[in-house]
Amino acid sequence: EALTGLARHLPVSLLPEALEIARGILSYRYRAEALTGLAPHLPEVLPEALEVARGIGDEYHRAEALTGLAPYLSEALLSEALEIARGIGNEYHRARALTRLAPHLPEVLPEALEVARGIGDEYLRAEALTGLARHLPVSLLPEALEIARGIGDEDNRALALTDLAPHLPEILLPEALEVARGIGSESDRAMALKALTATLTPANVDLSFWQDVLHALGTLTRPNFLETIPNLAPLILHFGGEVALREVYQSIRDVSRWWR
């Protein structure tokens, strides 16, 4: 840790000595961390660092070492890193490693998504899905939404849907709304609906879908509903004009006075 912290401040003349110190660390985990910290300053250590990462017995730390090295790897070394990631037995750690490699190897995204689907623990499945969300192309988002829908625990389903929402194309918004509306816990449902309404604009919402959105929001109690109003303002203006927006504003003021 000390070596990693020092690396960016060391003059070029001291980097070879730092490399020797890193090589002398007995623990695979800490040696990988030290080499990863040196990697941006000494690209020639990358093959060695990757080999050290391969030898880490603990799969969590092996995945961590891979993700730390990924931004600095050449195309040839990325292929080797992918092979190491695929060899990680634990599905969650494998999904994390593949997710971190994905920005540099987009072709692994379908594989990473399939690995995420197979994670038995629903919290970890949701977490893997949220890690992947921002990297997924539009073609994979229907599958990601299907995986989120299939999460049985409502907290974790809401978590996955909340993180997927900003990336969903217009065609998937009605399905996402249906998933959100089906969440029984109001706090989880409100979280998912708030994230979903933040993505809505007059360009991606027609009158029919707007009515569906209002019906879904009608299942929320007052405090949770009011939290979505800032997201809805452009749509209220679009479908109801300034009169409707003023009426909503006045209603909120009235309710605030009544419930002081």
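Predicted, not measured: the structure shown is a model, and the values here were computed from it.
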First locate atom [atom1] of [X], then atom [atom2] of [Y], and finally report the distance between them rounded to the nearest 0.5 Å.
X: Glu114; Y: Leu140; atom1: CD; atom2: CG; answer: 10.5 Å
X: Glu111; Y: Leu101; atom1: CD; atom2: CG; answer: 10.0 Å
X: Leu77; Y: Leu69; atom1: CG; atom2: CG; answer: 9.0 Å
X: Thr130; Y: Leu164; atom1: OG1; atom2: CG; answer: 8.5 Å
X: His104; Y: Ser74; atom1: NE2; atom2: OG; answer: 12.0 Å
X: Leu177; Y: Leu193; atom1: CG; atom2: CG; answer: 6.5 Å

Distance-minimising heavy-atom pair for [X] and [Y]:
X: Pro202; Y: Pro234; value: CG-O, 4.0 Å
X: Pro103; Y: His135; value: CG-CE1, 3.5 Å
X: Arg125; Y: Ile147; value: CD-CG2, 4.1 Å
X: Leu98; Y: Ala112; value: CB-CB, 3.7 Å
X: Leu105; Y: Leu78; value: CD1-O, 3.7 Å
X: Ala95; Y: Ala128; value: CB-CB, 4.2 Å

Look at atom CD1 of Ile171 and say whether more than 12 heavy atoms of other residues, nucleotides or ligands are closer to it than 6.0 Å.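 It does not: Ile171 CD1 has 12 such atoms or fewer within range.
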Step through the shown structure and confirm whether more than 12 heavy atoms of other residues, nucleotides or ligands are within 6.0 Å of CD on Glu107.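 Enclosed: over 12 neighbouring heavy atoms sit under 6.0 Å from CD of Glu107.
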Under the side chain to side chain donor-acceptor pair (under 3.5 Å) criterion, do Thr219 and Arg181 qualify, and how do the steps go? CA-CA 8 Å; Thr219 67; Arg181 190 171 182 176; 5.6 Å; no
Using side-chain contact (heavy atoms from CB on, under 4.5 Å), reason through Asp155 and Leu159 one step at a time and then give a plain yes or no. CA-CA 6 Å; Asp155 286 358; Leu159 175 68; over 6 Å; no
Mind telling me whether Phe239 and Trp210 have parallel, tilted or perpendicular rings, with 30° and 60° as the class edges?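 If you compare the ring of Trp210 with that of Phe239, the planes turn out parallel.
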Applying side-chain contact (heavy atoms from CB on, under 4.5 Å) to Asp121 and Tyr92, what does each step give before you reach the verdict? CA-CA 9 Å; Asp121 183 294; Tyr92 174 65; over 6 Å; no
[X] with [Y], same ILVMFWY side-chain cluster at under 4.5 Å:
X: Leu132; Y: Leu145; answer: yes
X: Leu226; Y: Leu196; answer: yes
X: Met191; Y: Val213; answer: no
X: Val243; Y: Ile236; answer: no
X: Leu200; Y: Leu161; answer: yes

Given 3.5 Å as the limit, does a donor-acceptor pair link the side chain of [X] with the main chain of [Y], or not?
X: Asn231; Y: Thr199; answer: no
X: Arg94; Y: Ile88; answer: yes
X: Arg62; Y: Ile56; answer: yes
X: Glu186; Y: Thr221; answer: yes
X: Glu91; Y: Val115; answer: no
X: Glu122; Y: Gly152; answer: yes

What verdict does the salt bridge (charged side-chain N to carboxylate O under 4.0 Å, His left out) test give for Glu127 and Arg96, after you've listed the backbone C-alpha separation in whole Å, the side-chain angles of each residue and the deciding distance to 0.1 Å? CA-CA 9 Å; Glu127 200 171 82; Arg96 283 183 63 253; 5.9 Å; no
Test side-chain contact (heavy atoms from CB on, under 4.5 Å) on Leu220 and Arg189; report intermediate values, then the result. CA-CA 8 Å; Leu220 302 178; Arg189 185 167 70 254; 4.0 Å; yes
Using ring pair (Phe, Tyr, Trp, His ring centres under 6.0 Å) as the criterion, list what pairs up with Phe225, not counting sequence neighbours. none
Tyr123: what forms a ring pair (Phe, Tyr, Trp, His ring centres under 6.0 Å) with it, not counting sequence neighbours?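 Ring pair (Phe, Tyr, Trp, His ring centres under 6.0 Å) check on Tyr123 returns nothing, list empty.
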Would you call Arg86 and Glu83 a salt bridge, taking side-chain N to carboxylate O under 4.0 Å as the test? no
Check step by step if side-chain contact (heavy atoms from CB on, under 4.5 Å) holds for Leu129 and Asp163. CA-CA 8 Å; Leu129 197 57; Asp163 284 337; over 6 Å; no
